Amino acid sequence: MKALLLVSELEDYTIAFASGVAQHLDVVLAVPRRRYAHLASSIDPAVDLHLLDWPRHRSVSNPWFLYQLTHLIRRERPNLIHLLSNSTLWLNLAAPFWRPIPLVTTVHDVEIHPGDSDTRTLPGWAPELMVKQSGHLVVHGEGLKRLAVDRYSKSPDCVHVLSHPSILRYAELARRQKMVPRQADGTIRVLLFGRIFAYKGLEHLVRAEAMLKDALPNLRITVAGRGDNPLIFQPLMGDVGRYDIRNRFIEDAEVAQLFLDTDIVVLPYTEASQSGVLNLAAAFGKPVIVTDVGELRGTVQPNGLGMVVSPGDAKELAATIRTLADNGELRNNFGANALEWAQGPNSPERVGAQAAAVYREVVGSC
C-alpha cells in the first residue's frame with residue numbers, strides 16, 4: 001500500500017508523522033523545497049521525499065504547480081492521499097482531478113485560535129472547502145472528533161482520531177551534538193515556547209510570576225518564539241530581570257538547549273486544540289503545566305505528564321508552579337512518565353501504525 005502525504009508547512013509534525021507511517025507502508029511525502037530542504041536529514045530514509053517548488057499563496061505560478069503536482073500523483077499512483085493540514089488554498093482546485101483516489105485531511109484546529117494571525121491570512125472558505133472535498137478527516141482527540149462531526153456534518157465513521165506524535169528530532173539533535181543541560185545552581189527555570197499569540201496565555205504567566213516574586217525568588221522565566229512582543233506585559237511583571245525574552249524564530253540547536261535547560265514547560269493557553277510544544281517537551285522528559293483546554297487535560301493527566309490548571313487563573317498557575325518548583329521528586333516523576341510516553345505509546349512509530357490502520361480502513365471502504 002502506498003500513501004502520498006501533502007503539506008506546505010507544519011515541519012515538526014510532518015517529520016514525525018511521515019517518518020512514523022513509513023515504518024508500516026510506502027510513503028511519498030511532497031513538501032515545499034524552501035521549507036524542507038534543510039530538514040531532509042531529519043526525515044526517515046524510508047520516506048520517498050519529493051521537494052517541490054511550491055509557490056506561496058499569492059504567486060501566479062500556482063496553476064502550473066497544481067498541474068505538476070497532479071502529474072506526480074498520477075505517476076506515483078498512491079492508494080490514498082493524505083493532506084496533513086487543511087490550510088492550503090490552491091489545493092482545493094486540484095483535489096477534483098485526483099479522484100477516485102481517497103482523500104483524507106487532517107484538521108489540527110476545528111476553530112481558529114484567538115490572535116492566530118498566521119492562520120487568518122487564509123480566506124475562511126479555503127480550509128472549509130478542503131474539508132468538504134475530503135471523504136475522511138483526522139483530528140487529534142475525541143473531543144475534537146465530536147466538534148468536527150458537528151461542525152462539518154461528517155459521519156463519525158469518517159472522522160478518525162490520531163494522536164499528535166512526539167517530536168523527537170530536537171532531542172536526537174541534542175544527543176548527536178552531545179549537548180548538556182545548564183549546570184544546576186538552584187534556579188527554577190520555566191519555559192513558554194512557540195508562537196506568542198493571544199491564546200498562548202502569556203499574560204497569565206506574567207501575572208503568576210508577579211505573585212511569586214517573594215515566595216520563589218529563584219524563579220526564572222524564558223519566553224521564546226516569534227509573534228506578539230512579550231514586553232507589552234512588562235508593567236505586570238514582578239521582576240523584569242527574571243525574564244529571558246527571545247521574541248524571534250528559534251533555530252534548532254537553540255530549541256534543544258532551551259528544553260535541556262528548563263525545569264518546567266508551561267502551556268497556559270486560554271484556548272487550544274492540542275499542542276506540538278507538549279510533544280516536544282515530552283521528548284526531553286520535561287514536566288508540564290497545562291490549562292484545561294482542548295485535548296490537553298486528556299493527554300496530560302492519563303499519562304502523568306504534569307499538572308492541569310484552569311485557563312485564565314493566574315493564582316492557580318502560580319500555586320502550581322510553586323508546587324513543582326518545591327518538589328524535585330514530583331518533577332522527576334512527571335518527566336520520567338513523559339519520556340516513556342514519548343518513546344513508547346506516542347512515538348512516531350506507534351502513531352504511524354495507527355495511521356496505517358486508518359488508511360487501510362479508508363481504502364477498504366471505497
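Quick caveat: nothing in here was measured; it's all calculated off a predicted structure.
- With a 6.0 Å radius and a threshold of 12 heavy atoms from other residues, nucleotides or ligands, Arg77 has its CZ atom at or below the threshold.
- A distance of 5.0 Å separates CG in Leu280 from CD1 in Ile167, rounded to the nearest 0.5 Å.
- Side-chain atoms of Asp292 never come within 3.5 Å of backbone atoms of Pro311 as a donor-acceptor pair (strictly under, hydrogens ignored).
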- Query: Run the side-chain contact (heavy atoms from CB on, under 4.5 Å) check on Leu39 and Asp252 step by step: do they pass?
  - Reply: CA-CA 10 Å; Leu39 297 171; Asp252 290 357; 4.0 Å; yes
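- The two residues Gly227 and Phe197 have their closest heavy-atom pair at CA-CE2, 4.0 Å.
- Side chain of Asn79 to main chain of Ala3: no donor-acceptor pair is present (N/O by atom type, distance under 3.5 Å, no hydrogens or angles).
- The hydrophobic cluster containing Val206 also contains Leu324, counting ILVMFWY residues as joined when their side-chain heavy atoms lie under 4.5 angstrom apart, directly or transitively.
- Distance check, rounded to the nearest 0.5 Å: CZ of Arg169 to CZ of Arg176 gives 9.5 Å.
- For NZ of Lys2, the number of neighbouring non-hydrogen atoms (other residues, nucleotides, ligands) closer than 6.0 Å is greater than 12.
- To the nearest 0.5 Å, atoms CG (Leu202) and CZ (Arg207) are separated by 11.0 Å.
- In this structure, a donor-acceptor pair under 3.5 Å is absent between the side chains of Tyr13 and Asn279.
- More than 12 heavy atoms of other residues, nucleotides or ligands lie within 6.0 Å of CZ in Arg33, so this atom counts as buried by the packing criterion.
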Which donor-acceptor pairs under 3.5 Å do side chains of residues 178-188 form with protein atoms, sequence neighbours excluded?
{"unit_1": "Asp185", "atom_1": "OD1", "unit_2": "Thr187", "atom_2": "N", "d": "3.0"}
{"unit_1": "Asp185", "atom_1": "OD1", "unit_2": "Thr187", "atom_2": "OG1", "d": "2.9"}

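- Using a 4.5 Å heavy-atom cutoff, the side chains of Pro102 and His136 are not in contact.
- When all heavy atoms are compared, the tightest approach of Leu192 to Val266 is CD1-O, 3.5 Å.
- Centroid-to-centroid, the aromatic rings of Phe65 and Trp90 stay 6.0 Å apart or farther.
- Between the side chain of Asn62 and the backbone N or O of Ser59 there is at least one donor-acceptor pair closer than 3.5 Å.
- Looking at Asn303, its side chain never comes within 3.5 Å of a backbone N or O of Leu305 through a donor-acceptor pair.
- Hydrophobic cluster membership is shared by Leu5 and Val7, with clusters built from Ile, Leu, Val, Met, Phe, Trp and Tyr side chains linked at under 4.5 angstrom.
- More than 12 non-hydrogen atoms from other residues, nucleotides or ligands lie less than 6.0 angstrom from NZ of Lys154.
- Here the OG1 atom belonging to Thr88 is positioned 6.0 Å from the NE2 atom belonging to His57, to the nearest 0.5 angstrom.
- Listed by first and then second residue, the salt bridge (Lys or Arg N to Asp or Glu O under 4.0 Å) pairs involving residues 85-98 amount to none (not counting sequence neighbours).
- Although no hydrogens or angles enter the test, the distance criterion places a donor-acceptor pair under 3.5 Å between the side chain of Lys145 and the main chain of Pro156.
- With His108 contributing its side chain and Leu84 its backbone, the two residues share a donor-acceptor pair below 3.5 Å.
- Of all heavy-atom pairs between Val110 and Tyr152, the closest is O-OH, 3.8 Å.
- Side-chain contact annotation: His82 with Thr106, donor-acceptor N/O pair under 3.5 Å present.
- From His164, atom NE2 reaches atom CG of Leu278 across 9.0 Å, with rounding to the nearest 0.5 Å.
- Between the side chain of Asn86 and the backbone N or O of Met130 there is no donor-acceptor pair closer than 3.5 Å.
- Using a 4.5 Å heavy-atom cutoff, the side chains of His204 and Glu316 are not in contact.
- Taking the side chain as every heavy atom from C-beta outward, Glu203 and Leu236 approach each other to under 4.5 Å.
- Classification of Arg146 and Glu142 as a salt-bridged pair fails, no side-chain N sitting under 4.0 Å from a carboxylate O.
- When every heavy atom of Pro32 is checked against every heavy atom of Leu51, the shortest pair comes out as O-CD2, 4.4 Å.
- Listed for the Lys200 side chain is no donor-acceptor partner under 3.5 Å among the backbone atoms of Thr270.
- Under the 4.5 Å side-chain heavy-atom criterion for Ile, Leu, Val, Met, Phe, Trp and Tyr, Leu129 and Trp98 are members of the same hydrophobic cluster.
- Side-chain N or O atoms of Ser19 include none that pairs as donor or acceptor with a backbone N or O of Ala16 at under 3.5 Å.
- Residues Trp341 and Leu339 do not share a hydrophobic cluster, clusters being chains of Ile/Leu/Val/Met/Phe/Trp/Tyr side chains in contact below 4.5 Å.
- Inter-residue side-chain proximity for Ile289 and Pro268 is flagged as unmet; no heavy-atom pair is nearer than 4.5 Å.
- Between Glu9 and Arg35, none of the side-chain N atoms (NZ, or NE/NH1/NH2) sits under 4.0 Å from a carboxylate O, so this pair counts as no salt bridge.
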Checking side-chain contact (heavy atoms from CB on, under 4.5 Å) for the pair Val362/Val104: CA distance, chi angles, key distance, verdict?
CA-CA 9 Å; Val362 169; Val104 178; 4.2 Å; yes
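- Using a 4.5 Å cut-off on side-chain heavy atoms (C-beta onward), Thr291 and Ser310 make no contact.
- For an aromatic pair to be called close, the ring centres must be under 6.0 Å apart, and Tyr170 with Phe284 fails this.
- The two residues Pro63 and Val60 make their nearest non-hydrogen contact at CD-O, 3.4 Å.
- Inspection of the Glu209 and Tyr243 side chains reveals an N or O donor paired with an N or O acceptor under 3.5 Å.
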Evaluate the criterion side-chain contact (heavy atoms from CB on, under 4.5 Å) for residue pair Asp48 and His50; output intermediate values, then yes/no. CA-CA 7 Å; Asp48 182 7; His50 290 252; 3.4 Å; yes
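- Phe17 places none of its side-chain heavy atoms less than 4.5 Å from the side chain of Leu10.
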Handout entry: Verdict with supporting geometry, Arg246 and Glu254, side-chain contact (heavy atoms from CB on, under 4.5 Å)
Key = CA-CA 11 Å; Arg246 310 183 192 188; Glu254 188 178 359; 2.8 Å; yes
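- Between Tyr269 and Leu296 the shortest side-chain heavy-atom distance falls below 4.5 Å.
- Residues Leu212 and Leu330 share a single hydrophobic cluster, defined by chaining ILVMFWY side chains whose heavy atoms lie under 4.5 Å apart.
- When side chains are defined from C-beta on, Val21 counts as touching Tyr359, because their heavy atoms get closer than 4.5 Å.
- With respect to the salt-bridge test (charged N to carboxylate O, under 4.0 angstrom), the residues Arg189 and Asp261 do not qualify.
- For Ser85 (side chain) and Ser87 (main-chain N/O), a donor-acceptor pair under 3.5 Å exists by modelled atom type.
- Rounded to the nearest 0.5 Å, atoms OG1 (Thr262) and CG (Leu258) are 8.0 Å apart.
- For the 3.5 Å distance criterion, the side chains of Ser166 and Asn346 qualify, holding a donor opposite an acceptor.
- Of all non-hydrogen atoms in Leu66 and Ala94, the two that sit nearest each other are CD2-CB, 4.0 Å.
- For Glu11, the CD atom counts as densely surrounded, since its 6.0 Å shell holds more than 12 non-hydrogen atoms of other residues, nucleotides or ligands.
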